[in-house]
Amino acid sequence: PLHAASTFAEAARRHLEAGDPEAVGAAIECTKEIADAISRTAQIIRRLRNFTRPQSEQKETLDVNAVVSEAVEIMAFAMRRADVTLQLELATELPPIRGDRIQLQQICVNLIQNACDACADLPARQRRLHVRTWARNHEVVVTFRDSGRGIDAANADRLFDAFFTTKPAGMGMGLSLSRSIAESQGAKLTARPNDPQPGAAFELALPVRERSP
Ligand code: ADP
């Protein structure tokens, strides 16, 4: 909608510069479109705020393998439909973490959806996603490595920006929201190329639950 607002503002300016009475009418129509686009933007932002509102957070002690497995189950149909072959590698005896199960699942679901999207242009048998859980120092790490189109170096710094998308019908909020959710749980979400293979690698690093005194 912001793009629409800016296009109509430009059109209004051109009409007003023309100056004749008909052009003024057209400019007034443009201002109505601008007002509509702005109220649609406000509505989207309100919806997103409700979606990420921290008050709904329910922190509990979690087994990351269970969280990841549930997200994989939620996305099983989407992966089948996208012809993406999943390799799931869950470490045994991971230490527990503390976090909001639903919110962490949302991050995993979003990363799996993005991996499916990134593989869309490949022949079906080359579409792969490797999801792995493992322990590293005081963290439990979940990595998502796909064989998709990979991250364009020019875009690498913008992936997590709100409204950044390279998809025709994308909203560009998935990674931005996922990173805010991760940060609200004391976790880190990062992206890098899936070197030396083609594709992208996303890493969600969650701090291990501290022992009670
Ligand atoms: P959206 O999916 O609506 O585009 P996201 O915030 O989830 O929004 O993603 C932003 C952009 O980051 C995508 O449009 C794409 O360009 C890039 N991206 C995300 N995940 C991947 C991936 N697995 N491989 C390559 N590019 C990706």
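Order of listing sets the numbers, starting from 1, for every ligand and every atom in it.
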Quiz prompt | Nearest non-hydrogen protein atom, atom 10 (C) of ligand 1 | solution = Phe164 O, 3.2 Å

Quiz item: Should you measure from each heavy atom of Phe202, which atoms of ligand 1 turn up under 4.0 Å away?
Solution: 20 (N), 21 (C), 22 (C), 23 (N)

Exercise. Considering heavy atoms of the protein only, find what lies nearest to atom 24 (N) of ligand 1 and give residue, atom and distance to 0.1 Å.
Key: Ala118 CB, 3.4 Å

Exercise. Find the distance between CD (Gln103) and CD (Gln105) and round it off to the nearest 0.5 Å.
Key: 11.0 Å

Quiz item: What atoms of ligand 1 come within less than 4.0 Å of a heavy atom belonging to Asp146?
Solution: 22 (C), 23 (N)

Practice problem: Please identify which atoms of ligand 1 are closer than 4.0 Å to at least one heavy atom of Gly150. | Solution: 25 (C), 26 (N)

Quiz item: What is the closest protein heavy atom to atom 2 (O) of ligand 1, and at what distance does it sit?
Solution: Lys167 NZ, 2.7 Å

Quiz item: Side-chain heavy atoms under 4.5 angstrom apart, residues restricted to Ile, Leu, Val, Met, Phe, Trp, Tyr: same cluster for Leu88 and Leu204?
Solution: yes

Quiz item: From Ile97 CD1 over to Leu104 CG, what is the distance, rounded to the nearest 0.5 angstrom?
Solution: 5.0 Å

Exercise. Please identify which atoms of ligand 1 are closer than 4.0 Å to at least one heavy atom of Thr165.
Key: 1 (P), 3 (O), 4 (O), 14 (O)

Side chains of residues 25-32: which donor-acceptor pairs under 3.5 Å do they make with residues two or more places apart or in other chains?
residue, atom, partner, partner atom, Å
Glu29, OE2, Lys32, NZ, 3.2
Thr31, OG1, Ile28, O, 2.6

Practice problem: Looking only at protein heavy atoms, identify the closest one to atom 7 (O) of ligand 1 and say how far it is in Å. | Solution: Asn114 ND2, 2.9 Å

Quiz item: Should you measure from each heavy atom of Gly174, which atoms of ligand 1 turn up under 4.0 Å away?
Solution: 5 (P), 6 (O), 7 (O), 8 (O)

Quiz item: Between atom CD of Glu89 and atom CG of Asn65, what is the distance when rounded to the nearest 0.5 Å?
Solution: 11.0 Å

Practice problem: Determine, using the 4.5 Å side-chain heavy-atom cutoff (strictly less than), whether Leu111 and Leu122 are members of one ILVMFWY cluster. | Solution: no

Self-check item: Residue, atom name and distance, where the atom is the protein heavy atom closest to atom 16 (O) of ligand 1
Solution: Thr166 OG1, 2.4 Å

Self-check item: Close-contact set for ligand 1 against Gly170 heavy atoms, below 4.0 Å
Solution: 3 (O)

Quiz prompt | atom 27 (C) of ligand 1 protein-contacted (non-hydrogen atom, under 4.0 angstrom) | solution = no

Practice problem: Please examine the side chains of Thr143 and Trp134, heavy atoms only from C-beta on, and report whether any two atoms are closer than 4.5 Å. | Solution: yes

Quiz item: Hey, which atoms in ligand 1 end up nearer than 4.0 Å to a heavy atom of Met171?
Solution: 3 (O)

Quiz item: Between Glu203 and Arg192, is any pair of side-chain heavy atoms under 4.5 Å apart?
Solution: yes

Quiz item: Tell me: protein heavy atom nearest atom 5 (P) of ligand 1, and distance?
Solution: Leu175 N, 3.6 Å

Exercise. Test Arg13 against Glu10 for salt bridge (charged side-chain N to carboxylate O under 4.0 Å, His left out), laying out the working first.
Key: CA-CA 5 Å; Arg13 188 182 59 79; Glu10 178 60 23; 2.6 Å; yes

Self-check item: Any residue meeting salt bridge (charged side-chain N to carboxylate O under 4.0 Å, His left out) with Glu183, in chain and number order, not counting sequence neighbours
Solution: none

Quiz prompt | For atom 8 (O) of ligand 1, the protein heavy atom that lies nearest, with its residue and separation | solution = Gly172 CA, 3.2 Å

Practice problem: Around atom 17 (C) of ligand 1, find the nearest protein heavy atom and jot down its residue, atom name and distance. | Solution: Leu159 CD2, 3.6 Å

